[in-house]
Engineer: 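Below you will find the structure I want to go over with you.
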Amino acid sequence: MGRRPAKAPAKPADKTSLHLRIDFGGERSIGPGKVRLLELINETGSISAAGRALAMSYRHAWLLVDEMNQMFREPVVTAQTGGGGGGGTSVTETGNDIVRLYREMERRAYGASSPEIRSLARLLTPPDAKLH
């Protein structure tokens, strides 16, 4: 008997999900990546740590934050000046509103689309089936 290839470890989010991208025109958009970046900045207090958690460079994370700060009327992330423990960053009230509103839209869209999502899932090849 041959050995089967090792299965990738199951991710906690190994379930069907729906993600939104909202395009406001003029190259302005918000989607799951930027929202997750804001959530991780909230958790870590650091753009650098949030970027690492998403496997992106500090520069890329900073550019996304800068883009969001320019896109909205109020900043979404602000720098905190040092002290004994150094500085850091924090998500503003506007940034937290963006996360809350986005996640609520995502939840509602998933709920409204559940019958179609279930129908699509029934059309999928089983995970362990061989492809044609």
Side-chain angles (χ1 to χ4, degrees):
M1 253 193 312
R3 292 179 58 184
R4 295 179 68 168
K7 247 185 176 179
K11 298 181 289 187
D14 251 355
K15 63 176 191 156
T16 302
S17 61
L18 180 135
H19 302 280
L20 302 174
R21 177 184 158 116
I22 303 158
D23 292 315
F24 298 105
E27 307 265 333
R28 299 180 308 167
S29 65
I30 191 92
K34 288 177 183 170
V35 169
R36 187 64 186 135
L37 180 61
L38 290 175
E39 289 170 332
L40 287 167
I41 292 169
N42 245 344
E43 291 173 24
T44 64
S46 162
I47 293 173
S48 180
R52 278 193 305 275
L54 292 170
M56 75 174 60
S57 70
Y58 170 78
R59 177 170 166 70
H60 185 73
W62 185 89
L63 288 171
L64 291 174
V65 166
D66 187 54
E67 182 181 324
M68 288 186 284
N69 277 343
Q70 299 300 317
M71 183 173 23
F72 293 97
R73 289 183 191 168
E74 301 289 329
V76 299
V77 173
T78 57
Q80 303 297 305
T81 52
T89 53
S90 64
V91 177
T92 64
E93 186 176 337
T94 298
N96 285 318
D97 286 345
I98 291 164
V99 170
R100 179 183 52 77
L101 291 166
Y102 177 86
R103 292 299 184 202
E104 178 61 20
M105 286 187 296
E106 199 174 51
R107 186 191 66 73
R108 285 184 184 194
Y110 187 86
S113 302
S114 287
E116 292 83 3
I117 291 170
R118 281 192 300 276
S119 293
L120 285 170
R122 285 193 294 272
L123 299 173
L124 294 172
T125 303
D128 56 354
K130 291 184 179 178
L131 297 177
H132 308 274

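Note that the numbering runs from 1 along the sequence shown for the chain.
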Engineer: Given Tyr102, which partner from the list Asp97, Ile22, Leu38 fulfils the side-chain contact (heavy atoms from CB on, under 4.5 Å) test?
Structural biologist: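 The passing option is Ile22.
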
Engineer: Is the shortest distance from a Lys or Arg side-chain nitrogen in Arg108 or Glu104 to a carboxylate oxygen in the other one below 4.0 Å?
Structural biologist: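 Salt bridge: yes.
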
Engineer: Looking at side-chain heavy atoms only, is the closest gap between Ser17 and Glu106 below 4.5 Å?
Structural biologist: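 Side chain of Ser17 against side chain of Glu106, heavy atoms only: no contact under 4.5 Å found.
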
Engineer: Hey, could you give me the NZ/CG distance between Lys34 and Leu54, rounded to the nearest 0.5 Å?
Structural biologist: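 Those atoms lie 13.5 Å apart.
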
Engineer: Hey, could you give me the CD1/CD distance between Ile30 and Glu67, rounded to the nearest 0.5 Å?
Structural biologist: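 Going from CD1 on Ile30 over to CD on Glu67, the span is 8.5 Å.
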
Engineer: Mind listing the closest non-hydrogen atom pair of Leu20 and Pro32 along with its distance?
Structural biologist: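 Looking at all heavy atoms of both residues, the closest pair is O-CD, 3.2 Å.
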
Engineer: Mind checking the CZ-OG spacing from Arg118 to Ser113? Nearest 0.5 Å is all I need.
Structural biologist: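 Between Arg118 CZ and Ser113 OG, I get 10.5 Å after rounding to 0.5 Å.
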
Engineer: For Ala53 and Leu40, which heavy atoms make the closest approach, and how far apart are they?
Structural biologist: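 Ala53 and Leu40 have their closest heavy atoms at CB-CD1, 3.9 Å.
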
Engineer: Between Arg21 and Ser29, what is the shortest heavy-atom contact and its length?
Structural biologist: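 It is NH2-OG, 3.4 Å.
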
Engineer: Treating Ile, Leu, Val, Met, Phe, Trp and Tyr as nodes and any side-chain heavy-atom pair under 4.5 angstrom as an edge, say whether Leu124 and Leu18 lie in one connected cluster.
Structural biologist: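 No, no single cluster joins them.
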
Engineer: Might you point out which heavy atoms bring Val65 and Val76 nearest each other, and give the distance in Å?
Structural biologist: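 Heavy atoms only, the tightest pair is O-CG2, 4.5 Å.
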
Engineer: Restricting to non-hydrogen atoms, name the atom on Pro115 and the atom on Gly111 that form the minimum distance, rounded to 0.1 Å.
Structural biologist: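 Result for this residue pair: CD-O, 4.4 Å.
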
Engineer: To the closest 0.5 Å, what do you measure between CZ (Arg107) and OH (Tyr110)?
Structural biologist: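 One gets 12.5 Å once the value is rounded to the nearest 0.5 Å.
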
Engineer: Decide yes or no for Met68 and Ile98: does some side-chain heavy atom of the first lie under 4.5 Å from some side-chain heavy atom of the second?
Structural biologist: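 A side-chain contact under 4.5 Å is absent here.
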
Engineer: Could you measure the distance from the OG1 atom of Thr44 to the CD atom of Glu39? Nearest 0.5 Å is fine.
Structural biologist: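 It is 11.5 Å, given to the nearest 0.5 Å.
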
Engineer: Please give me the minimum heavy-atom distance between Gly51 and Ala61, naming the atom from each residue.
Structural biologist: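 In terms of heavy atoms, the two residues are closest at CA-CB, 4.0 Å.
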
Engineer: Do Leu101 and Phe72 sit in one hydrophobic cluster, given that two such residues count as connected whenever their side-chain heavy atoms are within less than 4.5 Å of each other, even indirectly?
Structural biologist: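 Each belongs to a different hydrophobic cluster.
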
Engineer: Is the backbone N or O of His60 less than 3.5 Å from a side-chain atom of Ser57, with the two atoms forming a donor-acceptor pair by type?
Structural biologist: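 Yes.
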
Engineer: Side chains of Ile47 and Ile41: closer than 4.5 Å at any heavy-atom pair?
Structural biologist: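 When only atoms from C-beta onward are counted, Ile41 and Ile47 do touch, with a gap below 4.5 Å.
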
Engineer: Flag the pair Arg36 and Glu43 as a salt bridge only when some basic side-chain nitrogen lies within less than 4.0 angstrom of an acidic carboxylate oxygen.
Structural biologist: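 Result for this pair is yes, salt bridge flagged.
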
Engineer: If you count heavy atoms of other groups shown closer than 6.0 angstrom to CD of Glu116, is the number above 12?
Structural biologist: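 Correct, the count exceeds 12.
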
Engineer: Are any non-hydrogen side-chain atoms of Arg103 and Val35 less than 4.5 angstrom apart?
Structural biologist: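 Yes, at least one pair of side-chain atoms sits under 4.5 Å.
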
Engineer: Would Val77 and Tyr58 show up in the same hydrophobic cluster when neighbours are defined by side-chain heavy atoms closer than 4.5 Å?
Structural biologist: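 Yes, because Val77 and Tyr58 connect within a single hydrophobic cluster, where side-chain heavy atoms sit under 4.5 Å apart.
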
Engineer: With rounding to the nearest 0.5 Å, note down the distance linking CG in Asn96 to CG in Asn42.
Structural biologist: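 So the CG of Asn96 and the CG of Asn42 are separated by 4.5 Å.
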
Engineer: In terms of hydrophobic clusters joined by side-chain contacts under 4.5 Å, are Leu63 and Val91 together?
Structural biologist: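 Hydrophobic grouping puts Leu63 with Val91.
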
